[in-house]
Amino acid sequence: MELAMLAFERPAIDWHAFAPELVLLAVGSILTLIDIVYNERARRVMPALAAVGLLATLVPVLTLAVDGADRSMFDGAFVVDDMALTLKALFLISGFVVVLLSVDYIRDGDYHENEYYSLLLASLLGMVLIASSRDLITMFIALELLSIPAYMLAAWRKGGATSNEAGLKYYLMGVFASAIMLYGMSLIFGVSGSTQFDAIRVALDTGGDSAPMVTLGILFVLVGFGFKVSAVPFHTWAPDVYEGSPTPITAFLAVAAKAAGFVALLQLVFVAFSGRYDVVEPFFWIMAALTMTVGNLMALRQTNIVRMLAYSGVAQGGFMLAPFAVAGQATDSAIQAIVTYLIIYAFMNLGAFAVVLAVAKKTRSGEISSYAGLFSYAPGLAVAMTVFMAALAGIPPAGGWVAKLLVWRALLDASSVQGTVLAVVVAFNAVLAFSYYAKVLREMWMSDAPDGDTSPVSVSGTLTLALGLTVLATLAFGVFPQLAARFGDFSASFAL
Amino acid sequence: MQATGFDAWAVSLVVFLPLLGALVMLAVPSKEEETHKLIALVSSLGALAAGIYILVQFDYDNTSELQFLVDKSWIDVINSRFIVGVDGLSLPMLILSLVVVPLCIVYSWQHIPEPGNPKAFLMLILVLATGMNGTFVSHDLILFFVFFEIVLLPMYFMIGVWGGPERKYASLKFFLFTLFGSALMILSFLALFFVAEDPSGTALNTFDMRALSQWAGAGLSLTTAVVIFGGMFMGFGIKVPMFPFHTWLPDAHTQAPTVGSVILAAVLLKLGTYGFIRIALPILPRAAEQWAPWIGLLAVIGIIYGALGCLAQTDMKRLIAFSSVAHMGYVMLGISTLTTLGINAAVFGMVAHGLITGILFFVAGSVKERYHTLEIARLGGLLKAAPRMGWILGFATMASLGLPGLAGFWGEFPAILAAYQPAPALSEELFRVYMVIAALGTVLAAGYLLWLYQRTAFGEPTEEFADLEIADVNQYEWLAWTPFLLAILAFGVYPNLIFSLTDDTVGNIVSAFGG
């Protein structure tokens, strides 16, 4: 064998396309280095560095967006297009808000600070990468890159039993889901002979004789991601993990990690499996209907705000899964609905967690009843929470209504019986959901403060910034829906 | 034709000035209560001024044409546009809403209910005003939906924070009922977006009410149309409210603070009936013909049920609330006849009911404030204790029972008359039966209203309150109430003030029914 054949030949690399990942990697490495060199003395600057690093990562994302050209590398395994950029920006901004939420919590809780931010950035790197991955292996690596730091972050309150439980539970369920998913991927690879999504699509379109194997493979992969996005019946880990984790990490898991799962599902369903909508659609129909209904019914019974938000997140996930049920019949409007929902959901949910953090600082409690009389002593926080609850419930003019509207639109666009029935299921659930969001509103506005304690809540500068950002975005999306919806218009990205 | 110059801003001013006022109030500390009252009053009067400008500049020879029209892009991705304008159908409703809000603010000057906080209370009223005014001028289904929904949260808080002892239950019930209706309504709107197509078969894909009314369900299968109409029926019918969805209303009204009840009765309920006339009938006329007998049936059940409910009440405010169910029944009966006479009567009935029930709730609120109870059995002798208020109550009850010469008459009588000969597609026998039942309802109405008046106003004050000094109508109350009283009288004596406005628009709608 000639030596020349064995020599490694570097594939062409488009450095510009790779720039966001590289910048984020660099910032993460710098944080780790600073930690090694300066150790505890670096604690003060870590959150600021992480925040600046995330903003710096947005710069190449913006230059790529301005440039506008679609870029593809590594035989199509890594793609930069409008949708990838939009989702990267969403992850980075969510990460930025999570850093804002973390500053006080991590400092005051006397937890390890330096490693916290490095791990957060590592997880975000995985998310930024998953938005571009168009290949089973790249996607799996990105997924593990975002998950493994998250397992550790969930257990960051080392002293607390619940946090340890959260970390362990999240880890075990995550690994279990990965195993199922990998098995599915291996089946698909076996049939199609490729890990690359476009090639899989072509192979699945034509490979008729191995249909049962393909169906099994697709279902295993989708079930694996069902765990990641906490879809019913694979949701059981979510409430315990959310309740036990440090609250900023809960926000991170509920928003960014969930969005990452949806981003992967988008690529899989609309590219790799787009020839097999006959398998995908009924699967998602059942999962969506179950997820929103069970999530809402469970949320109704919660008395702890974080658990309630966890179940509400499950239910919201159900709304986001619904358009997948008409993936083949109304492809464009389904993609638009899911992406727009992800964008709006990120802001309204992060905002709700910001309020939870601010209030918990005073009340030291996660019970919904501890919100009693909030309007009388912290009207600003109460109004902000009202905006987020209204948004989550889908009441105009707060942003959430646009998200629900687009989901309904996608379901009806399919003009099929299944689509219409699911739309009605969504409608019933939307009403059901309001009754538990109203619980919080009722406590805040209509009940008296417990023990007459109306001392004001002190809200730190970073939390105020996070609240300001999320309130503004939530209201702006509601009043000028075009702002969010235009980012969901990706008919071009999936033009096959 | 789009409006230009100031005309292009007039409708937007009407809608958004109150919201602007609320935003300004946000910046003012809540201690400065007088400033808040002033800002609220000024911004609502500003909106009224813009409304009066529209009233003056309105082209009364073309009442069916959309005037002060603005058509701008809004949500391009779903082709929903910011289309606002005023025609003969929206104008009376808009003016009603514009007049009621500042009067409610004037009334609130001295009557901020427990637990106080005029800043928040008045801000909610202003947000409500934006929602209500916006609903009456929108001509895009999504825009309409947004304004229709914006009123929910302020009213929820108004009942829930400033309401009576059962306020938490009542506010949630109000919200969930309405939300359920509007969730189905928006599904119907979206369905229209996809099913409407022009004669050549290309999809219209629009939420523009003008285009959809022109399409009017052409080529759509009757079953689909009936189902889509059903979604809208739920949305509008719950808001009206029609029997059997009316149960939220007595609770909401009884628990709401006075001003909340007034706004709820005077304007919010009309959003539902307005929706029927503006959206449901013109866009799906064939389905409307299928639904009309059922709507008529529910309407007459509402009339009788509401009246019987009234007779069973011991609480004055709850009685007025049940009378709303009955009165809205006449409005819906008028609509269900699908005739020019019936729908004109319905629009008149909407305005008249708004004014009459509004003043009734005002008086009930003031009575409650003075006696600290609305238990009819404990009241009595109002004419002796506070003669002016007693006479105003008498005037309002007379108007409410439909005395000719006052506004209430012109909403009820033509609606009953219209049922004698409904649109050609409807069964004459059936609607004549409805007519008889509705006529019986007026007798019952006279019964419960006179009974109410007799027990509260006649005779001597009860022992319990015999020694109590009851203040008569004060200046704020005079200021807030006089316009109501004058309008009830004016519309009663010269109903053509409204009929001449609505007639052409209604005629256009009814032309689809061959009426």
Side-chain angles (χ1 to χ4, degrees), chain A residues 330 332-333 336 340 375-376 379-380 382-383 386-387 389-390 393-398 401-402 404-415 420 423-424 426-435 438-439 441-448 478-489, chain B residues 19 26 30 73-78 80 82 115 117 119-120 123 127 130-131 142-143 145-153 156-157 159-163 167-169 171-172 175-195 203 205 224 227-228 231 234:
Chain A
D332 288 348
S333 25
Q336 186 177 41
T340 312
F375 180 67
S376 61
V383 169
T386 307
V387 169
M389 291 293 119
I395 315 289
W401 74 272
V402 186
K404 290 224 172 62
L405 180 79
L406 288 174
V407 169
W408 276 322
R409 176 172 179 267
L411 291 172
L412 291 178
D413 192 9
S415 52
T420 314
V424 175
V426 173
F428 274 95
N429 272 288
V431 181
L432 194 58
F434 180 79
S435 16
K439 231 194 238 175
L441 298 183
R442 213 160 52 220
E443 289 297 334
M444 291 192 306
W445 288 73
M446 304 173 197
S447 299
D448 294 326
V479 180
F480 305 105
Q482 183 69 14
L483 282 177
R486 60 184 288 205
F487 289 115
D489 197 4
Chain B
L19 190 65
L26 199 59
S30 52
S73 77
W74 183 42
I75 321 178
D76 290 341
V77 284
I78 56 169
S80 166
F82 181 81
N117 198 343
K119 176 182 181 179
M123 278 176 70
V127 177
T130 290
I142 300 296
L143 191 63
F145 168 77
V146 169
F147 282 125
F148 192 83
E149 295 272 280
I150 280 181
V151 301
L152 289 184
L153 272 182
Y156 170 75
F157 287 127
I159 299 172
V161 179
W162 288 273
R167 57 188 203 275
K168 290 183 186 175
Y169 169 76
S171 56
L172 187 63
F175 204 110
L176 288 180
F177 267 67
T178 339
L179 192 64
F180 178 67
S182 47
L184 295 177
M185 177 182 87
I186 188 71
L187 284 184
S188 291
F189 287 178
L190 282 161
L192 287 175
F193 178 86
F194 290 112
V195 296
N205 285 2
T224 319
V227 172
I228 296 178
M234 292 300 285

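Letters go in sequence order (proteins before strands), and every chain restarts at 1.
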**Q** Which atoms of Ser182(B) are under 4.5 Å from chain A, going by heavy atoms: the side chain, the backbone, both sets, or neither?
**A** neither
**Q** Against chain A, label Phe193(B) side chain, backbone, both or neither, depending on which of its atoms sit under 4.5 Å from a heavy atom there.
**A** side chain
**Q** By a 4.5 Å heavy-atom criterion (distance strictly below it), what part of Ile75(B) contacts chain A: side chain, backbone, both, or neither?
**A** both
**Q** Can you tell which of Leu432(A), Val424(A), Val426(A) makes a side chain to side chain contact (heavy atoms under 4.5 Å, CB included) with Phe428(A)?
**A**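 Result: among Leu432(A), Val424(A), Val426(A), Val424(A) is the only option passing the side chain to side chain contact (heavy atoms under 4.5 Å, CB included) with Phe428(A).
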**Q** Which atoms of Leu406(A) come close to chain B, meaning under 4.5 Å heavy atom to heavy atom: side chain ones, backbone ones, both, or neither?
**A**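 The answer is the side chain of Leu406(A).
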**Q** If I measure from the heavy atoms of chain B, does Trp445(A) come under 4.5 Å with its side chain, its backbone, both, or neither?
**A**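 When you check distances to chain B, atoms from both the backbone and side chain of Trp445(A) fall under 4.5 Å.
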**Q** Sort Phe180(B) into side chain, backbone, both or neither according to what part of it lies under 4.5 angstrom from a heavy atom of chain A.
**A**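 Both the backbone and the side chain of Phe180(B) come within 4.5 Å of chain A.
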**Q** Might you point out which heavy atoms bring Ala330(A) and Ala410(A) nearest each other, and give the distance in Å?
**A** CB-O, 3.7 Å
**Q** Using non-hydrogen atoms only, which part of Leu153(B) is less than 4.5 Å away from chain A: side chain, backbone, both, or neither?
**A** side chain
**Q** Taking all heavy atoms of Trp401(A) and all of Gly394(A), pick out the closest pair and write down the distance.
**A** CB-O, 3.5 Å
**Q** Looking at every heavy atom in both Val77(B) and Gln482(A), which two are closest together, and how far apart are they?
**A**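 Scanning both residues, the minimum pair turns out to be N-OE1, 3.2 Å.
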**Q** Determine, using ring centers only, whether Phe145(B) and Phe189(B) are less than 6.0 Å apart.
**A**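 For Phe189(B) and Phe145(B), the ring centres are not under 6.0 Å apart.
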**Q** Quick one: what part of Val407(A) sits under 4.5 Å from any heavy atom of chain B, side chain, backbone, both or neither?
**A**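 For Val407(A), neither part sits under 4.5 Å from chain B.
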**Q** Which atoms form the tightest heavy-atom contact between Ala191(B) and Leu412(A), and what is the distance?
**A** N-CD1, 3.7 Å
**Q** Between Ile395(A), Asp413(A), Leu483(A), who has the most heavy-atom pairs with chain B when the cutoff is under 4.5 Å?
**A**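 Highest number of pairs under 4.5 Å: Asp413(A).
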**Q** Select, from Leu179(B), Leu187(B), Ile150(B), Leu152(B), the one with the greatest count of heavy-atom pairs under 4.5 Å involving chain A.
**A** Leu187(B)
